[in-house]
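Every value quoted in this text rests on a predicted model; they were computed, and no experiment measured them. Order of the sequence lines fixes the chain letters, A, B, ..., with proteins taken first and strands second; residue numbering starts at 1 for each chain.
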Amino acid sequence: DAGVTQSPTHLIKTRGQQVTLRCSPKSGHDTVSWYQQALGQGPQFIFQYYEEEERQRGNFPDRFSGHQFPNYSSELNVNALLLGDSALYLCASSLARNSPLHFGNGTRLTVT
Amino acid sequence: GQQVMQIPQYQHVQEGEDFTTYCNSSTTLSNIQWYKQRPGGHPVFLIQLVKSGEVKKQKRLTFQFGEAKKNSSLHITATQTTDVGTYFCAGWSNYQLIWGAGTKLIIKP
């Protein structure tokens, strides 16, 4: 039973560029949440997707957008990258919105 | 806004000593979840508490949820090197999962 898978594992981008990160949820999970975790900090909630809709959003600018596909996989897009966007981006899936989260290994994004 | 305060930020212990981290919420929580993140890893779900006053044990780990459902604690007895990592609480309130800042458990050499 595959857990949450994320790709790519590492990414280096230049300021101003755009990036797309991908996530496949754990089998049987239909809810996907995205988090940003800066070094030494706790996870910061970006948004949650359910039934292909953004159900909830954290305090992140519109440069951060996402999508959920009919097979429940999800993408996180970040436009106009800033140096401060350098972080570990974690995808988590769950059975329901308030159920325990199962995290993927994350994508380490470095913006130079 | 809604907050979950988690203390301490760091705890240095000798191997074999106990470790405790505390979480306090500004609002009543419908449940509280605990996660462990090893260095270089991702958060891993440990347990969820739902009922007022609930106490759950996992081997050397004891989790408590306060009577008012506003606070929680994690206590580790006789720490081992495998316990090293950062422990996060996350409470569900008003359709939001609110994370504490984490407590980093460091074993003194």
Quiz item: B/Val55 versus B/Thr62: any side-chain heavy-atom pair under 4.5 Å?
Solution: yes

Self-check item: Trace of the ring pair (Phe, Tyr, Trp, His ring centres under 6.0 Å) decision for B/Phe65 with B/Phe63
Solution: CA-CA 7 Å; B/Phe65 200 10; B/Phe63 303 83; over 10 Å; no

Quiz prompt | Engaged part of B/Tyr35 at the chain A interface, taking heavy atoms whose separation is under 4.5 Å | solution = side chain

Self-check item: chain A interface, residue from B/Phe45, B/Trp99, B/Phe88 that has the most non-hydrogen pairs under 4.5 Å
Solution: B/Trp99

Quiz item: Would B/Arg60 and B/Asp83 pass as an ion pair if we require N to O under 4.0 Å?
Solution: yes

Self-check item: B/Ser72 and B/Trp34 side chains, donor-acceptor separation under 3.5 Å
Solution: yes

Quiz item: Between A/Gly58, A/Ser33, A/Gly104, which has the largest tally of heavy atom pairs under 4.5 Å with chain B?
Solution: A/Gly104

Quiz item: Do you know which of A/Ala92, A/Pro100, A/Gly42, A/Gly106 has the most heavy-atom pairs with chain B at a distance under 4.5 angstrom?
Solution: A/Pro100

Quiz item: Side chain, backbone, both or neither: which part of A/Phe103 has an atom under 4.5 Å from a heavy atom of chain B?
Solution: both

Quiz item: Have A/Thr31 and A/Gln48 got a donor and an acceptor in their side chains that come within less than 3.5 Å?
Solution: no

Quiz item: Heavy-atom distance under 4.5 Å to chain B: side chain of A/Gln37, backbone, both or neither?
Solution: side chain

Quiz item: Which bit of A/Ser99 is near chain B, if near means a heavy-atom gap under 4.5 Å: side chain, backbone, both or neither?
Solution: backbone

Quiz item: Between A/Thr20 and A/Asn77, do the side chains contain an N or O donor and an N or O acceptor separated by less than 3.5 Å?
Solution: yes

Exercise. Determine whether more than 12 heavy atoms belonging to other residues, nucleotides or ligands lie under 6.0 Å from atom CD of B/Gln14.
Key: yes

Quiz item: A/Gln56 versus chain B, heavy atoms under 4.5 Å apart: side chain, backbone, both or neither?
Solution: side chain

Quiz item: Measuring heavy-atom distances to chain A, does B/Gln37 have an atom under 4.5 Å in its side chain, in its backbone, in both, or in neither?
Solution: side chain

Quiz prompt | A/Leu90 versus chain B, the contacting section by heavy-atom distance below 4.5 Å | solution = side chain

